[in-house]
Amino acid sequence: MKILVLGGGGREHALVWKLRQSPLVDRIWCAPGNAGIDELAEPVAIDVTDLPGIVAFAREHQVDLVVPGPELPLTLGVIDALRDAGVRGFGPTRAAAQLEGSKTFAKELMRRAKVPTGFFSSFTDPDEAVRYVHEVGAPIVVKADGLAAGKGVLLCETAAEAEKAIDEIMRWRTFGAAGDRLVIEELLAGEEVSFMALTDGATVLPLASSQDHKRAFDGDAGPNTGGMGAYSPAPVLTPALHDRIMREIMEPVVRALAERKIVYTGVLYAGLMITAEGPKVLEFNCRFGDPECQALLMRFAGDLAAVMDAVARGALAGTTLDWDPRPAVCVVLAAGGYPGNYERGKPIRGLEALRDWRDGMVFHAGTARRDGEVVTNGGRVLGVTALGRDVTAAAAAAYRAVDQITWDGMHCRRDIGHRAMERER
Ligand code: AMP
Ligand code: GLY
């Protein structure tokens, strides 16, 4: 098989790394890639939003499968564009990707399919949004409806804070066009888990459970980020809870889409809050979580190319997924200032010594090669991922590797996996 992966983050490095291990794969490209990916895949200088460029490349090189990592090409319709050109892609069509691209679409679908989620209302007029806040009271969540890289979500303790959030999104347009419409929703309390499944629109096959750490600092403090670390499995997800999530959330959503003539294929990612009343949906994503993907693929023991091809061909029925029973922990190393402004181009030290690391893998995210040296090129720079006999051991192994890496301004959380470790104790 010839495969083209789209993206250049830690998730895509993990995808390329795992796809590379498949005996089915002869050739693999990645657009645009990063310093780590480029050692495993041939870099292609095409932007992930350049759909005509992607289609042309795939045709010219007779690519068998295109695997978009991030949501943006999916919500733009890369799968539809490829399909029209006779190329198979792994992921949902533009219509199906609305599940992530539009919170209003997702909430309405859930309401119709009776999938448990918090109450919500969406607005295009800031004055109406303010009136609603005063009607339902605080605490409350205010979100930009479009894509805002996980940052357009404001948790508000008071009505005054909510009013300020509405101003930020709609009047000051901090998140740009994502703020044309906003969603106000119930604040759900509990433990958060990421639940991902593969689906071809008919069969829904759950992946191992995982949990990420969204806040920037230890103790789940500070601003939201794309994710500062992750681990798999998430012990909060008992077998009973797992079955309930499949029955009450994953399967009904895929069915509800099918009833609307939308065949969802690819990864369906549900961000869930395990509340006192049971699991409730915070949001859906139409792709693998980053950094959950790094922890998951560290544990995945099957042939990823074969599985992805089965999804894309609509032939998932009968497939089983094998997992390393050992937990995996991924610690994200970020640039100084992230998730706010940060500098690029800082030389990274310590990577060479970890090349032959046996317990894990250093996945590159925002890195580039400059004059033979690996330098930082993004906010989340590396995802140091290790296996261990339990989460405590996996985290210890990951942090031993983290302690060998340094650059000017590097920061990371020191408590990745803490909830699972508390359970283990
Ligand atoms: P989102 O971009 O919608 O995934 O939201 C980012 C993060 O904000 C989530 O991972 C949660 O930690 C938090 N969050 C979002 N919506 C809610 C909610 N309704 N209740 C509580 N926390 C939320
Ligand atoms: N780590 C959360 C996400 O990928 O959306």
Side chains of Pro279 and Leu241 in contact at under 4.5 Å (non-hydrogen atoms): yes
Atom CG in Leu205, atom CG in Leu207: separation rounded to 0.5 Å? 7.0 Å
For Glu343, does the CD atom have more than 12 heavy-atom neighbours from other residues, nucleotides or ligands under 6.0 Å away? no
What are the two closest heavy atoms between Ala335 and Tyr342, and how far apart are they? CB-CB, 3.9 Å
By salt bridge (Lys or Arg N to Asp or Glu O under 4.0 Å) - contacts of Asp220 (at least two apart): Arg413, Arg419
Is Asp127 paired with Arg171 through a side-chain N to carboxylate O contact shorter than 4.0 Å? yes
Under a 4.5 Å cut-off applied to non-hydrogen side-chain atoms, are Phe57 and Glu60 in contact? no
Roughly how far apart are Leu109 CG and Arg260 CZ, rounded to 0.5 Å? 5.5 Å
Do Arg299 side-chain atoms and Arg326 backbone N/O form a donor-acceptor pair below 3.5 Å? yes
Can you find a side-chain donor-acceptor pair between Lys107 and Thr117 that sits under 3.5 Å? yes
Among Glu39, Gln294, Met298, side-chain contact (heavy atoms from CB on, under 4.5 Å) partner for Trp17: Met298
Could you walk me through whether Thr376 and Arg344 pass the side-chain hydrogen bond (donor to acceptor under 3.5 Å, both in side chains) test, one step at a time? CA-CA 5 Å; Thr376 67; Arg344 296 168 198 254; over 6 Å; no
Would you give the length of the straight line joining atom CG of Leu382 to atom SG of Cys330, rounded to the nearest 0.5 angstrom? 9.5 Å
What is the ring orientation for His13 with His364, classed by angle as parallel under 30°, tilted 30 to 60°, or perpendicular over 60°? perpendicular
Quick one: does Arg20's side chain get under 4.5 Å of Ile28's, heavy atoms only? yes
Please determine whether a side-chain nitrogen of the Lys or Arg among Arg414 and Asp218 lies less than 4.0 Å from a carboxylate oxygen of the Asp or Glu. no
So, applying side-chain contact (heavy atoms from CB on, under 4.5 Å) with Arg88, which one of Asp309, Val311, Asp64 is it? Asp309
Rounded distance [0.5 Å steps], CG in Asp415 versus CZ in Arg215: 12.5 Å
With rounding to the nearest 0.5 angstrom, report the CH2 to CG distance, Trp29 to Leu4. 8.0 Å
Please confirm whether the backbone N or O of Ala189 pairs with a side-chain atom of Thr275, one donor and one acceptor, at under 3.5 Å? no
Glu292-Gln211 side chain donor-acceptor pair, cut-off 3.5 Å: no
Would you kindly say whether Asp80 and Thr93 are connected by a side-chain donor-acceptor distance under 3.5 Å? no
Under 4.0 Å between a Lys/Arg side-chain N and an Asp/Glu carboxylate O for Arg287 and Glu12? no
Just jot down the salt bridge (Lys or Arg N to Asp or Glu O under 4.0 Å) partners of Asp180, sequence neighbours excluded, or say none. Arg173
Return yes if some donor-acceptor pair links the side-chain N/O of Glu185 with the main-chain N/O of Phe119 below 3.5 Å, else return no. no
Grab the two heavy atoms, one from Leu387 and one from Ala328, that are nearest each other, plus how far apart they are. CD2-CB, 3.8 Å
To the nearest 0.5 Å, tell me how far His134 NE2 sits from Ile140 CD1. 11.0 Å
Val87 and Ala58: which non-hydrogen atoms are nearest, and at how many Å? CG1-CB, 4.0 Å
Is it the case that the ring center of Phe123 lies less than 6.0 angstrom away from the ring center of Tyr132? yes
Check: Lys164 main-chain N/O paired with Glu168 side-chain donor or acceptor under 3.5 Å: no
Just wondering, do Leu198 and Phe90 contact through their side chains at under 4.5 Å, heavy atoms? yes
Main-chain N/O of Ser209 paired with Ser232 side-chain donor or acceptor, under 3.5 Å: yes
Is there a side-chain contact between Lys103 and Lys143 (heavy atoms, below 4.5 Å)? yes
Minimal non-hydrogen separation, Leu154 against Ala165, with atom names: CD1-CB, 3.6 Å
Take Glu259 and Arg112 through the salt bridge (Lys or Arg N to Asp or Glu O under 4.0 Å) test and state the conclusion after the steps. CA-CA 11 Å; Glu259 277 160 20; Arg112 233 175 276 166; over 6 Å; no
Where the side chain of Thr225 meets the backbone of Pro339, is there a donor-acceptor pair that is under 3.5 Å apart? no
Tightest non-hydrogen contact, residues Ala394 and Gly388, listed as CB-N, 3.4 Å
I need the minimum non-hydrogen distance between Ile416 and Gly229, along with the two atoms involved. CD1-CA, 3.8 Å
Residue Arg59 excluded, over 12 heavy atoms near CZ under 6.0 Å: no
Validation row: Leu24, Asp303 side chains within 4.5 angstrom (heavy atoms): yes
Check the pair Ser194, Tyr269 against side-chain hydrogen bond (donor to acceptor under 3.5 Å, both in side chains), reporting the backbone distance first and the verdict last. CA-CA 7 Å; Ser194 304; Tyr269 167 138; 3.3 Å; yes
Donor-acceptor contact below 3.5 Å, side chain Glu248 vs main chain Ile245: no
So Pro327 and Pro233, do their side chains get closer than 4.5 Å, heavy atoms only? yes
Quick one, Val16 and Phe363 - any side-chain contact, counting heavy atoms below 4.5 Å? no
